[in-house]
Amino acid sequence: ASIVKGTAPVDVTFSATVIGASGTVTYDWDFNGDGVYEREGVTTDDVTYRYAEAGVYTVSVRAHDSAQALPAENTKTDCISLAPAVVYVNLDSTTAASPFATPDTAASNIVDALAVAYGGSVISVAKGWYPIKAPIVLTENASIVGATGNPSDVVISNTINGANNSIALLDNAGARIANVSLFGGRTTTQPTIGAGLTIELGGGTVSNCVIANCYGSGNQTATPGAYLKSGLLTHSIVEDCRVQFDEYYNTSGLRALGAVVTGDGRVENSLFRNFKSNAFGHVVQVASSAAKLVNCTVVDSALGCNHELAG
């Protein structure tokens, strides 16, 4: 097998080839690097082994031939990396144990869970208010999902004033966030990120989420709500996002209080509400021919130029 990265349990097939052997070749396999050969005397070049648990595994194979010109041995270090299919997070957890594969060993914060989630892992987050000091960054094929299905039950909140970050950033087509609230994001001088959510060119999907109480400050060039360069925001609510001093808000270029949608980004079936500003600006700005805004609604908003949707 080449390097394998995924979720447990999984069946992995290994192959070995010996050059210069004489007569019949047999193989001994150590599948977990513990020095014990789980399969001995294997007469085929291929062998399959099931990894039942998450972990990082080293694999060794030892070959013998009938003329006793061998043995020869080869080891691949850390060639199998397996995450749990479900990684659990519970704010009240007092018995956390990596890789957080059961509710009883749940991580107490999302950042620790992200470190062991990849290859399709789902991070199941129990009800609670989760403060963060840096963005939640999903560059792997992994999901963050609120366990109750109600986004108001799981709140991911910025705790640092002046932080120039999104609450969440996705940059992988397999990355997903669902059933959570992203609260209190802040940007200052970064015009191509959203204070609540950024989806980069690698893509990702955000669904059934609330993005709320996010704001921009500094030179007022940032997008307080969501900035999509690719990916999908769907069946979500974006609300109460603002700039700190709206009389100075720079509305040139790609600027909107609720969302900027560019590249091949797409916003569908979502609600934008309660945006107030004395400045000229937009609630949503669609900024490229490939970007899409489909079946969305703006309510309870009043902007200085009265341009709630642009594109």
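Just so you know, these numbers use all the heavy atoms, side chains as well, and skip hydrogens, waters and symmetry mates.
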Checklist entry - So, do Ser15 and Asp45 sit near enough that their side-chain heavy atoms are less than 4.5 Å apart? => result no
Next on the checklist: Please determine whether residues Tyr118 and Tyr51 belong to a single hydrophobic cluster, defined as Ile, Leu, Val, Met, Phe, Trp and Tyr linked transitively by side-chain heavy-atom distances below 4.5 Å.
Outcome noted: no
Item to check | Working for side-chain contact (heavy atoms from CB on, under 4.5 Å), residues Tyr27 and Val47 | outcome: CA-CA 9 Å; Tyr27 302 94; Val47 62; over 6 Å; no
Next on the checklist: Nearest 0.5 angstrom please: Cys241 SG to Leu197 CG, how far?
Outcome noted: 10.5 Å
Checklist entry - Which pair of heavy atoms, one from Asp28 and one from Glu40, lies closest together, and at what distance? => result OD1-CA, 3.2 Å
Checklist entry - Is any side-chain heavy atom of Phe100 closer than 4.5 Å to a side-chain heavy atom of Asp112? => result yes
Next on the checklist: Let me check something: do Leu82 and Val12 share a hydrophobic cluster, defined by ILVMFWY side-chain heavy atoms less than 4.5 Å apart, either directly or through other members?
Outcome noted: yes
Next on the checklist: Do Val299 and Phe272 have side chains that approach each other closer than 4.5 Å (heavy atoms only, starting at C-beta)?
Outcome noted: no
Next on the checklist: Would a single hydrophobic cluster contain both Ile156 and Leu138, if residues Ile, Leu, Val, Met, Phe, Trp and Tyr are joined by side-chain heavy-atom contacts under 4.5 Å?
Outcome noted: yes
Next on the checklist: Given 3.5 Å as the limit, does a donor-acceptor pair link the side chain of Thr198 with the main chain of Tyr227, or not?
Outcome noted: no
Next on the checklist: I need the single residue from Val260, Leu293, Thr262 that forms a side chain to side chain contact (heavy atoms under 4.5 Å, CB included) with Val286. Which is it?
Outcome noted: Leu293
Item to check | Where Gly196 and Ile211 come nearest, the two heavy atoms and their spacing | outcome: CA-CG2, 3.9 Å
Checklist entry - Can you name the nearest heavy-atom pair linking Leu228 to Leu233, along with the distance? => result CD2-N, 3.8 Å
Next on the checklist: Count I, L, V, M, F, W, Y as connected when their side-chain heavy atoms are under 4.5 Å apart, and connections chain through other members. Are Val111 and Ile167 then in the same cluster?
Outcome noted: yes
Item to check | Polar side chain donor-acceptor pair, Ser152 to Asn150, under 3.5 angstrom | outcome: yes
Item to check | NZ/NE/NH1/NH2 to OD/OE distance under 4.0 Å, Arg62 and Glu73 | outcome: no
Next on the checklist: Please evaluate residues Asn172 and Asn141 with respect to the criterion side-chain hydrogen bond (donor to acceptor under 3.5 Å, both in side chains), reporting the C-alpha separation (whole Å), side-chain torsions for both, the decisive distance (0.1 Å), and the verdict.
Outcome noted: CA-CA 6 Å; Asn172 185 299; Asn141 175 14; 5.9 Å; no
Checklist outcome for this item: Between Pro151 and Ser181, the two heavy atoms sitting closest are O-OG, 2.8 Å
Checklist entry - Just checking, is any N or O donor in the side chain of Asn179 or Asn208 under 3.5 Å from an acceptor N or O on the other one? => result yes
Next on the checklist: Can you confirm whether the side chains of Arg186 and Tyr215 place a donor and an acceptor under 3.5 Å from each other?
Outcome noted: yes
Checklist entry - Can you check whether Tyr49 reaches Trp29 side chain to side chain, under 4.5 Å on heavy atoms? => result no
Next on the checklist: Under a 3.5 Å distance rule, please check whether Asp171 uses its side chain to pair with a backbone N or O of Gly202 as donor and acceptor.
Outcome noted: yes
Checklist outcome for this item: Tested for side chain to side chain contact (heavy atoms under 4.5 Å, CB included) against Ile110, the lone hit among Ile144, Val87, Val180, Ile132 is Ile144
Next on the checklist: Less than 4.5 Å apart, side chain to side chain, heavy atoms only: is that true for Thr139 and Glu200?
Outcome noted: no
Checklist entry - So, the side chain of Ser270 versus the backbone of Ser236: is there a donor-acceptor pair under 3.5 Å, distance only? => result yes
Checklist entry - Looking just at side-chain N and O atoms, do Thr48 and Thr13 make a donor-acceptor pair shorter than 3.5 Å? => result yes
Next on the checklist: Within the 3.5 Å criterion, strictly below it, is a donor on Ser108 or Ser93 matched to an acceptor on the partner's side chain?
Outcome noted: no
Checklist entry - Can you name the nearest heavy-atom pair linking Tyr37 to Asp30, along with the distance? => result CD2-N, 3.6 Å
Next on the checklist: Quick check: do Val283 and Leu257 have side-chain heavy atoms less than 4.5 Å from each other?
Outcome noted: no
Checklist outcome for this item: On a heavy-atom basis, the closest approach of Ser143 and Gly174 is OG-O, 4.5 Å
Checklist entry - Taking C-beta and beyond as the side chain, do Thr95 and Thr105 meet within less than 4.5 Å on heavy atoms? => result no
Checklist entry - Does the pair Ile123 and Val89 meet the rule for a side-chain contact (heavy atoms from CB on, under 4.5 Å), with working shown? => result CA-CA 7 Å; Ile123 300 173; Val89 179; 3.6 Å; yes
Item to check | Thr297 and Arg273, any side-chain heavy atoms less than 4.5 Å apart | outcome: no
Checklist entry - Taking atom types as modelled and ignoring hydrogens, do the side chains of Asp153 and Thr148 form a donor-acceptor contact shorter than 3.5 angstrom? => result yes
Checklist entry - Do the ring planes of Phe31 and Phe14 sit parallel (below 30°), tilted (30 to 60°) or perpendicular (above 60°)? => result tilted
Next on the checklist: Working note: Trp129 + Ser157, criterion side-chain contact (heavy atoms from CB on, under 4.5 Å); need CA distance, chi angles, decisive distance, verdict.
Outcome noted: CA-CA 7 Å; Trp129 189 287; Ser157 173; 3.2 Å; yes
Item to check | Evaluation steps, side-chain hydrogen bond (donor to acceptor under 3.5 Å, both in side chains), between Asn213 and Glu239 | outcome: CA-CA 7 Å; Asn213 287 88; Glu239 62 185 358; over 6 Å; no
